[in-house]
Amino acid sequence: MTRTCLYMRPAAMLAFVLFLYTAQAQQPTNHSLPRTQQGTPQLFQVTTANTRPGDAVLVRGEYLDKITQVQVSRLPDEKVDNLPPGYVPLPQADALPDKDGTDKRVKALTGASAATVDRLQQNAQSLKFMVPASWQEGVYSVRLTDGSNQTSEFYVNVPQVNWVISEEGQQAVSGGYLRIQGKNLLRKGVSGQAVLISTDKKRVVRARVDHAFDDYSVSVNIPAGIPAGNYQLYYHNGLGGKTAWSQPLAVAIAAPSQPAWDKKTFNVKDYGAKGDGVTDETAAFRAALAAAQPNGGTVFVPGGRYMLTGDLVLAPNTQLKGASQAQTQLFWNPEHWDNGKLPASLISGTHHFAITNLNIWASRAWGIIMQTGPAPEQGYVTLENLIVRQTAQMGRAMYQVKAKRDSAEAEFNSKWNKTGIILRGPNIKVRNCDFNSSGMYGFSGVSGFIQHCRFQRNSTGTNQSYMVIHPKGLIFEDCYKQADGYGYASTIDESHDLYEARNTIPFDYTNDREVMTLDGGGGAYAGPVGSVNGVTLTLPAGASTYQWTANKWTGGGVFIIQGKGAGQYRRIVSHTLDNIQLDQPFAVDPDASSVISITTIRKHLYFVNNEVTDGGAYQLYGSAQNCVIAGLKMRRSNGIISRGSLLYHGKQPNWYIDIVDCELREGNYSHWFGINDQHSGYQCINLIGTGGPGLNIGALVRHNQLYDYSYIRTSPGAEPNSVTDAIIEDNSITTAPKGIMLGGGGSSTSSVLVHDNHYTDVAKPMDTNPGLKAASYLRMEDGKTPAGK
């Protein structure tokens, strides 16, 4: 795409700002009806995935049975290059309606393009409808009208921006690039653009997309010379005209900085190092590292082999740099550890350090590169152009004594989660590295970049080596990952804002074999509400809680999983044993019919265009909200799972999950021995809700291709509405005993739309458990008329 970035001239900027103020002044202030007006339709969530003509849209909320008409129109694709950004707010399950959007309820649906469409599976908390199949792709305006002629409006296919990141962290940098992550960012044949407006409205910056990775991540260049400060970022994908911008995201623009280690260089040979592979270089390295302090600098290691017997501690603002990974090798001699003590990590530091251009080899080592110190003093680590080889084996002399060998290996196994590469905190950069380790790969509470790396498990280690990822604004892309499983953190301090794309994950044969899992988490309470007053929620007297102490669950979520208001959640700001302070009121408060769950929030995790072969499940296991699995290619694996369920004392909901554009081939799968285990069988896309109602709401399974015995299923527990409001649509299934299997009995699977799927050589395209009520699903395979099983 052509790159054009400009900083608006003062006169044009003034006209832009005046236009913006005028547009805002003309907006009605009543964008939504008061929360207290009972019986008026309230919207919590709508479909946000790319929606083509003929696709279905889900609306979740309350009092939706009052809606009498659904109208849809396609917005014209006007040029917006010199217009102020306008937007129509989208309903969000974790927030009240945005009051600052551009209200186009009068104009958006006028003209011949407006169409009244059928309401499908309508009830008090949901309805579905379809975009007319004959229309052109684009941004669609939707108006819902109730029996009192009150209206609600939203757009379909409008961009969403969730988070941004640059070389300077989660902010923009004058003269640098900015990665933007969200949904509906890329449309074929048009170019997207971003606008940043300073909070004082005095500066307007426009930047066209320089590189589009996919629908979920793009990059723009920020012009040089932009004053630092706070801005609002809007994004447009090229379709839908002047009101089809994203809702604004607060973004800071900073001036570029230079690492402190660029100030001065300290050559280890000036401090006595030989690089001959025989001399113990530990003292020389430590002397060079000490010389770089207190002001920081680069400790340079020329080409050669350097034997070390002790650990190296990098102070803040220090870089350890070799000539190249081909020329400079550091290796540790396990037979002569410094003071006879095995260090916790061969190289360590707290924050603001870098290790680059080295070949690192170690045997009988625990940590290779690890961060130390308290959490507030971690982060800002760069690892680039490294080859790292770690093995749990010991030196030849130590192996001659079996008792000593067994003791050392037992010690290593006991510390398996404190081994390998462990990084924590913000703004990490791991690039162009080749790791082969017996230990862990751990990235805890991290933001930043992991790019173009190889992560492999060393076969001489334990079967416990694992990759743990706890993202807080992380891009993890174009890597090769082969270990014993991959866990995405499940603490109260939740995972969020992950873009993991174009990674290759083969040969996961040990432990539970998960190639992606949100294993863990938990919960503090599930049950009725005592009372709700604005942002204050009170638990009932005598409520049965778990690990519930004052403020332990600050940052966690209160989810309404059943009854009035179901499908909303709010974040906990603080709490005592009885009272909880929320970040916002609910749009519709829970009442005596409602059940809440206090558990972890994990949202905006996007897994895009990854490839898995011979592995276990790719699964959102436990609490996950507004997450995406897109473009995944799987072969001979367990399949894709969206599982909301009762786990570890917590009712953990999977809500509003998109599983789209994936390809599953070679679907015969054996997990352990292929017999007598619950995982072996056919590869599938599996929607699960167990442990109570409302734990899997709003899943979208669309535009996937399944071959060779792969299929789609729901497999909930016995509770009503365990899996509800799923859309299974426009999937192609080829060569299988069954195509789509709806499990459970009664209404455990409920309000599922099975629409426009395609079957080739499938013995039974549609199957249901015998006890499942026929009213629980609607099958519209020709897009027009309901069909039987």
Side-chain angles (χ1 to χ4, degrees), residues 27-49 51 55-75 86-111 113-132 139-158 160 184 240 243-247 560 564-569 584-589 626 655-656 697-698 725 727 751:
Q27 293 175 25
T29 57
N30 181 24
H31 292 292
S32 66
L33 296 169
R35 295 173 56 247
T36 56
Q37 188 166 341
Q38 297 296 309
T40 300
Q42 300 290 313
L43 311 186
F44 304 157
Q45 179 83 14
V46 298
T47 298
T48 55
T51 302
D55 285 348
V57 176
L58 166 68
V59 182
R60 280 284 306 192
E62 197 65 69
Y63 312 116
L64 300 185
D65 52 342
K66 308 295 184 183
I67 291 171
T68 58
Q69 186 180 64
V70 178
Q71 293 174 285
V72 185
S73 67
R74 185 187 184 281
L75 297 180
Y87 68 98
V88 170
L90 280 176
Q92 300 181 69
D94 61 343
L96 286 171
D98 176 3
K99 304 293 186 184
D100 297 325
T102 305
D103 192 331
K104 302 297 292 184
R105 68 176 65 190
V106 175
K107 297 181 180 179
L109 287 163
T110 58
S113 64
T116 300
V117 297
D118 292 337
R119 305 187 305 280
L120 304 174
Q121 296 185 310
Q122 184 176 7
N123 57 56
Q125 294 187 323
S126 73
L127 71 81
K128 303 178 186 73
F129 64 88
M130 294 177 188
V131 176
V139 175
Y140 308 114
S141 177
V142 179
R143 174 187 288 172
L144 309 178
T145 305
D146 70 8
S148 300
N149 210 33
Q150 297 287 343
T151 61
S152 303
E153 293 77 29
F154 61 89
Y155 285 174
V156 175
N157 287 336
V158 73
Q160 285 185 291
N184 297 315
T243 61
W245 293 78
S246 67
Q247 294 181 200
I560 307 177
K564 182 63 64 68
Q568 303 173 90
Y569 64 99
Q584 296 186 66
F586 289 106
V588 174
D589 286 335
N626 294 98
W655 283 359
Y656 314 122
I697 296 177
D725 276 325
I727 295 175
S751 196

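For the single chain, residues carry numbers from 1 onward in sequence order. Owing to the predicted nature of the structure, the values given are computational and were not obtained by experimental measurement. Just so you know, these numbers use all the heavy atoms, side chains as well, and skip hydrogens, waters and symmetry mates.
In terms of the side chain to side chain donor-acceptor pair (under 3.5 Å) criterion, residue partners of Asn184 (sequence neighbours excluded) are, by chain and number, Arg187. For Gln247, the side chain to side chain contact (heavy atoms under 4.5 Å, CB included) test picks out Tyr87, Pro89, Leu90, Gln92, Asp98, with sequence neighbours left out. Not a single side chain to side chain donor-acceptor pair (under 3.5 Å) links Gln45 to another residue, sequence neighbours left out. Qualifying side chain to side chain donor-acceptor pair (under 3.5 Å) partners for Thr51, counting only residues two or more places apart in sequence or in other chains: Arg702. Considering only residues two or more places apart in sequence or on other chains, Gln121 meets the side chain to side chain contact (heavy atoms under 4.5 Å, CB included) condition with Lys128, Ser751, Leu753, Leu778. Looking at residues two or more places apart in sequence or on another chain, you find no side chain to side chain donor-acceptor pair (under 3.5 Å) involving Asp65. Listed by chain and number, the residues in a side chain to side chain contact (heavy atoms under 4.5 Å, CB included) with Thr116 are Gln69, Gln71 (sequence neighbours excluded). Judged as a ring pair (Phe, Tyr, Trp, His ring centres under 6.0 Å), and not counting sequence neighbours, the contacts of Tyr569 are Phe559.
Listed here is the closest heavy atom pair of Glu153 and Val88: O-CG1, 4.2 Å. In plain terms, the two heavy atoms of Val158 and Ala244 that are nearest each other are CG2-O, 3.4 Å. Contact detail for Leu64 and Pro41: the closest heavy-atom pair is CD2-CB, 4.2 Å. Of all heavy-atom pairs between Trp655 and Ile560, the closest is CH2-O, 3.2 Å. Gly61 and Phe44 make their closest contact through CA-CD1, 3.5 Å (heavy atoms, listed as atom of the first residue, atom of the second, distance). Val57 and Ile727 get closest at one heavy-atom pair: C-CD1, 4.3 Å.
We find the CG-OH distance between Asp725 and Tyr656 to be 8.5 Å, quoted to the nearest 0.5 Å. Once rounded to the nearest 0.5 Å, the distance linking CG of Asn626 with CG of Asp94 reads 7.0 Å. Between the OG1 atom of Thr48 and the CG atom of Leu58 there is a distance of 10.0 Å, given to the nearest 0.5 Å. Going from atom CZ of Arg60 over to atom OG of Ser126 covers 5.5 Å, rounded to the nearest 0.5 Å. How far CD of Gln42 is from CG of Leu96: 9.5 Å, rounded to the nearest 0.5 Å. In this structure, NZ on Lys66 lies 14.0 Å from CG on Leu127, to the nearest 0.5 angstrom.
Side-chain contact between Asp118 and Met130: absent, with no pair of heavy atoms (C-beta onward) separated by less than 4.5 Å. Under the 4.5 Å side-chain criterion, counting only non-hydrogen atoms from C-beta, Leu43 is in contact with Val59.
Although no hydrogens or angles enter the test, the distance criterion places no donor-acceptor pair under 3.5 Å between the side chain of Gln150 and the main chain of Thr40. Between the side chain of Thr145 and the main chain of Thr68, no donor-acceptor pair closer than 3.5 Å is present.
Counted by atom type alone, Tyr155 and Thr243 present one or more donor-acceptor pairs between their side chains at under 3.5 Å.
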* Asked: Please walk me through it: do Asp146 and Tyr63 pass side-chain contact (heavy atoms from CB on, under 4.5 Å)?
  -> CA-CA 10 Å; Asp146 70 8; Tyr63 312 116; over 6 Å; no
* Asked: Would Thr47 and Val156 count as a side-chain contact (heavy atoms from CB on, under 4.5 Å) if you check the C-alpha gap in whole Å, the side-chain angles of each, and the deciding distance to 0.1 Å?
  -> CA-CA 7 Å; Thr47 298; Val156 175; 5.9 Å; no
